[in-house]
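Atoms within a ligand are numbered from 1 in the order they appear, just like the ligands themselves.
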Amino acid sequence: MSENSVGNLIDQLGRLPGIGRKSAERLAFHLLRVSQGEALALADAIRQVRVNVRYCTDCHNLSEDSLCNVCTDPSRDAQRLCIVEQPRDLMAIEQSGAYRGLYHVLMGRIAPLDGVGPDDLTIDRLVDRVRRGNFAEIIMATNPTVEGDGTALYITNQLAEFPVTVTRLARGITSGSVLEHANREILADAMMGRQKL
Ligand SMILES: [Zn+2]
């Protein structure tokens with residue numbers, strides 16, 4: 001491997017979130033030390049995920065087919081719909097094991113200061129789903145931040161005309177903390193203790 005290849009790898013790794021120059025160097029030299037098979041398995045995993053994974057056409061969860069594993073699972077409670085900001089929040093709730101309904105991934109939150117408005121999210125599709133679907137409960141599981149709360153409020157207003165109960169995760173999650181980092185027990189408690197909005 002030429003010096004240029006190493007430099008290029010360090011540059012690429014250094015663009016990843018949370019990876020500074022020093023970490024990028026450490027990772028690059030690690031990849032040079034391990035077996036070729038192990039290093040290439042990482043390269044393959046990146047290629048596979050970008051070639052095969054897309055967003056579910058119904059809920060925007062990550063999926064390798066047009067509909068995701070949750071949407072196609074007949075054992076899920078199709079009367080409950082949990083609204084999350086990102087696919088990784090969905091994963092965190094799935095890992096808590098406290099929820100067996102369906103999801104809707106917003107692909108972000110309303111953040112006027114970052115120039116993100118309602119039209120940049122999947123809110124229109126959500127309203128369509130609620131109009132078409134037979135949901136009894138919509139669970140707001142946006143993050144307990146100013147923007148997450150604002151997004152939940154906006155969506156609640158959009159859904160006001162439908163005969164559904166809107167609930168919000170209980171505040172077991174510390175205000176301002178991020179859903180994906182909450183541990184399983186806290187997340188399960190927040191789901192169990194959800195309250196009507
Ligand atoms: Zn889906």
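Of all protein atoms, those that are N, O or S and lie under 2.8 Å from the Zn ion (ligand 1) total 4.
Checking Asp73 against Ser75 by side-chain atom types alone, a donor-acceptor pair falls below 3.5 Å. Counting only N and O atoms by type, the side chains of Thr167 and Glu137 include a donor and acceptor under 3.5 Å apart. Using a 3.5 Å distance cut-off with no hydrogens or angles, the side chains of Asp44 and Gln48 do not pair a donor with an acceptor. Looking at Thr142 and Arg109, their side chains never bring a donor and an acceptor atom within 3.5 Å of each other.
Judged by distance alone, with hydrogens and angles left aside, the side-chain atoms of Tyr99 form a donor-acceptor pair with the main-chain N or O of Cys82 at under 3.5 Å.
Residues meeting the ring-ring contact (aromatic ring centres under 6.0 Å, His included) test with Phe135, sequence neighbours left out: none.
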